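A quick note: this is a predicted structure, and the numbers were derived from the prediction, not measured.
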Amino acid sequence: KGDDKYTEKAIRDNERHPRFIKPKFVRENPLQFGIRHYAGDVMYSTEGFTEKNSSSEAPEVLELMSKSGIGVLRDLAREAET
């Protein structure tokens with residue numbers, strides 16, 4: 001349930017960003033979104049994301065995202081940490 005809400009919020013908050021990719025078939029893949037990276041488009045799955053990030057230790061992926069030159073990745077990392 002938390003993953004659904006996180007993904008819905010990520011899509012709602014970032015769908016107009018030029019580097020954010022909203023899935024074409026949200027009902028079929030409700031836990032996915034994409035980012036247009038320099039090297040190409042990458043789709044991400046948020047399945048288990050909120051559960052994996054509920055520990056007190058900061059995951060390496062959030063650290064990398066928070067230091068990214070792509071603003072939408074920094075925003076997503078900040079939202080996941082709160």
Work out which heavy atom in [X] is nearest to a heavy atom in [Y]; give both atom names and the distance.
X     : Y     : answer
Ala77 : Ser66 : CB-N, 3.7 Å
Ile21 : Met43 : CG2-SD, 4.2 Å
Gln32 : Pro23 : O-CG, 2.8 Å
Asn14 : Phe20 : O-CB, 3.2 Å

key: Asp3 side-chain N/O to Glu47 backbone N/O, donor-acceptor pair under 3.5 Å   =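 Side chain of Asp3 to backbone of Glu47: no pair is present.
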ask   = Can you tell me if Arg19 uses its side chain to pair, donor with acceptor, with the backbone of Arg36 under 3.5 Å?
value =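 Checked: pair present.
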key: Cluster check Val42, Leu62: I/L/V/M/F/W/Y, side chain < 4.5 angstrom   = yes
key: salt bridge (Lys or Arg N to Asp or Glu O under 4.0 Å) partners for Arg74, two or more places apart   =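 Checked Arg74 against salt bridge (Lys or Arg N to Asp or Glu O under 4.0 Å); zero matches.
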request  = Answer yes or no: is there an ion pair linking Arg12 with Glu8, defined by an N-O contact shorter than 4.0 Å?
outcome  =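 Salt bridge absent between Arg12 and Glu8.
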message = Please determine whether side-chain contact (heavy atoms from CB on, under 4.5 Å) holds for the pair Glu79 and Asp13, giving the CA-CA distance in whole Å, both sets of side-chain angles, and the decisive distance to 0.1 Å.
response = CA-CA 11 Å; Glu79 289 171 14; Asp13 292 351; 3.7 Å; yes
task = To the nearest 0.5 angstrom, please state how far the OH atom of Tyr44 sits from the CG atom of Leu76.
result = 10.0 Å
ask   = In Å and rounded to the nearest 0.5 Å, what is the CG to NZ distance from Asp4 to Lys9?
value = 15.0 Å
query = Is the shortest heavy-atom distance from the side chain of Thr7 to the side chain of Thr46 under 4.5 Å?
reply =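 When only atoms from C-beta onward are counted, Thr46 and Thr7 do touch, with a gap below 4.5 Å.
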ask   = Considering only heavy atoms from C-beta outward, does the side chain of Phe33 approach that of Leu31 to under 4.5 Å?
value = no
